[in-house]
Amino acid sequence: MTMLQAVRLALEVVETGGMRHRGAVSMARCRRVIALGGEQWRAQRRSAGFSTAVQSLLRAKAARRKRTLMEIRGVTARLMRAVPALSRRRVNSITPRGLDTMLTAHLPTPRQREKARVVLHGLFTHCIRQGWMQGCTNPAAALRYDIGEETEVAPLEWRQILRLLRTARKGEHRACMPALGLMLWCGIRPAEVERVQWRDLDMQERVLTVRPRHSKTGGCRHVQLCPALMAWLAQAVSSNPPPEARICPCNWQRRWKRLRQAAGIVPWPQDVLRHTYASYHAKRFHDFALLQMEMGHRSAELLRTRYLSMRGVTAEHAAAFWKRIP
């Protein structure tokens with residue numbers, strides 16, 4: 001190092017410590033600035049690159065559902081394609097402002113940005129646990145994107161429920177009866193019902209177990225089998241299926257679409273059976289804590305704002321819905 005370089009370096013230390021305009025330079029303060037800079041540099045060296053952190057997270061979550069892993073890969077890969085330098089960037093150098101700028105620039109809708117924020121929050125939480133972000137807070141925790149108010153989804157009308165069940169009893173659609181019953185009387189999500197096996201149904205205890213790997217949220221939950229569903233399953237199944245067999249028949253998506261079309265409910269509102277379950281449950285039992293638990297919601301807010309639409313649901317129909325097959 002030349003004398004000129006040494007002087008310039010000393011001046012930078014003085015300016016960094018805010019001592020240039022105070023008229024006095026403290027050697028102790030200069031040493032502290034150097035020490036803090038050295039600690040930051042060493043912490044930076046101990047950190048991991050963004051791409052390395054993503055691969056580590058995927059290995060840690062290898063037991064999770066395919067859809068969860070696909071979402072992590074999809075969000076992170078999209079960001080690394082949009083910002084090539086991101087893959088090598090140290091995770092402890094990413095700030096909330098920089099993260100917000102990146103998401104706003106490359107993800108056009110608030111819903112996409114909020115989904116990416118959730119994925120990245122999990123990634124940075126993993127990095128903190130690995131010690132790659134010492135002294136840092138989770139940069140995604142400070143961000144929130146307004147995706148607008150959840151729109152109300154109405155349940156199926158009583159006549160639509162009757163038509164759907166009558167159609168399902170017909171020969172060509174009978175294989176769909178068990179899965180339809182679980183979605184209608186247990187509120188199981190369409191993606192969840194595809195993973196349910198017969199061993200998940202305890203007929204003696206009258207309960208369905210949605211295992212963590214089969215659940216959208218990754219948590220286990222138990223849903224009671226009502227008398228109407230028990231009677232429906234008795235009609236649908238003539239012999240004891242193998243415990244490891246899936247509830248849904250082969251070519252489920254094609255069969256399910258044909259059943260909906262044959263019942264004349266077109267277009268089919270997304271998750272309408274889950275909304276129907278919630279509305280009839282609330283109308284009949286008025287137990288929102290139980291409903292929240294059986295639907296697998298972490299809070300009651302979504303239940304109140306989006307799922308509980310009891311317009312057109314009468315007390316008479318709600319009683320019949322749970323006690324006997326309509």
Side-chain angles (χ1 to χ4, degrees), residues 36-37 39-151 189 191-192 212-213 215-221 292 295-306:
L36 290 173
E39 290 175 9
Q40 183 68 24
W41 182 81
R42 286 189 291 272
Q44 187 80 0
R45 297 282 292 177
R46 287 194 297 268
S47 185
F50 186 85
S51 179
T52 301
V54 171
Q55 295 306 313
S56 175
L57 177 64
L58 290 172
R59 287 193 297 271
K61 292 187 175 290
R64 296 293 297 273
R65 296 183 297 109
K66 271 185 183 178
R67 184 173 179 179
T68 300
L69 301 179
M70 288 176 61
E71 287 179 351
I72 295 172
R73 290 193 186 98
V75 168
T76 54
R78 181 173 182 175
L79 292 176
M80 285 189 284
R81 284 195 303 269
V83 186
L86 177 63
S87 61
R88 299 183 301 275
R89 187 171 177 181
R90 302 283 180 174
V91 290
N92 65 349
S93 68
I94 298 176
T95 63
R97 173 179 284 186
L99 187 63
D100 178 48
T101 300
M102 179 173 60
L103 296 183
T104 302
H106 301 291
L107 299 177
T109 68
R111 188 173 293 276
Q112 289 177 335
R113 291 194 286 272
E114 179 60 18
K115 180 179 179 181
R117 184 200 67 79
V118 172
V119 170
L120 294 175
H121 188 282
L123 172 64
F124 293 127
T125 298
H126 175 75
C127 292
I128 292 171
R129 290 171 182 163
Q130 297 298 311
W132 295 333
M133 299 182 69
Q134 291 184 1
C136 302
T137 58
N138 191 321
L143 306 181
R144 286 291 186 277
Y145 297 102
D146 183 12
I147 59 176
E149 292 186 4
E150 294 280 2
T151 57
R189 297 178 177 92
E192 292 174 339
R213 290 196 65 182
S215 170
K216 175 184 177 181
T217 57
C220 180
R221 71 182 191 271
Q292 178 187 336
M295 293 190 72
H297 286 170
R298 292 177 179 172
S299 72
E301 182 177 356
L302 182 61
L303 189 63
R304 292 194 307 269
T305 59
R306 184 168 170 82

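- Applying the side chain to side chain donor-acceptor pair (under 3.5 Å) test to pairs two or more places apart or on separate chains, those with a residue in residues 48-59 are S56-H126.
- Sorted by first and then second residue, the salt bridge (charged side-chain N to carboxylate O under 4.0 Å, His left out) pairs involving residues 98-108 (not counting sequence neighbours) form an empty list.
- Atom CG in N92 sits 9.0 Å away from atom SG in C127 (nearest 0.5 Å).
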If you look only at distance, which donor and acceptor atoms sit under 3.5 Å apart when one is on a side chain in residues 69-87 and the other is two or more places apart or in another chain?
| unit_1 | atom_1 | unit_2 | atom_2 | d |
| --- | --- | --- | --- | --- |
| T76 | OG1 | I72 | O | 2.7 |
| T76 | OG1 | R73 | O | 3.3 |
| S87 | OG | P84 | O | 3.1 |

Listing, residues 114-125 side-chain donor-acceptor contacts under 3.5 Å, not counting sequence neighbours, or none:
| unit_1 | atom_1 | unit_2 | atom_2 | d |
| --- | --- | --- | --- | --- |
| E114 | OE1 | R117 | NE | 3.1 |
| E114 | OE1 | Y145 | N | 3.2 |
| E114 | OE2 | R117 | NE | 3.2 |
| E114 | OE2 | R117 | NH2 | 2.8 |
| R117 | NE | L143 | O | 3.4 |
| T125 | OG1 | H121 | O | 2.8 |
| T125 | OG1 | N138 | ND2 | 3.1 |

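- Of all heavy-atom pairs between V91 and A53, the closest is CG1-CB, 3.9 Å.
- Partners of T95 under the side chain to side chain donor-acceptor pair (under 3.5 Å) rule, at least two apart in sequence or in another chain, do not exist in this structure.
- R113 pairs by the side chain to side chain donor-acceptor pair (under 3.5 Å) definition with nothing, not counting sequence neighbours.
- Considering CG of L99 and OG1 of T101, their distance stands at 8.5 Å, rounded to 0.5 Å.
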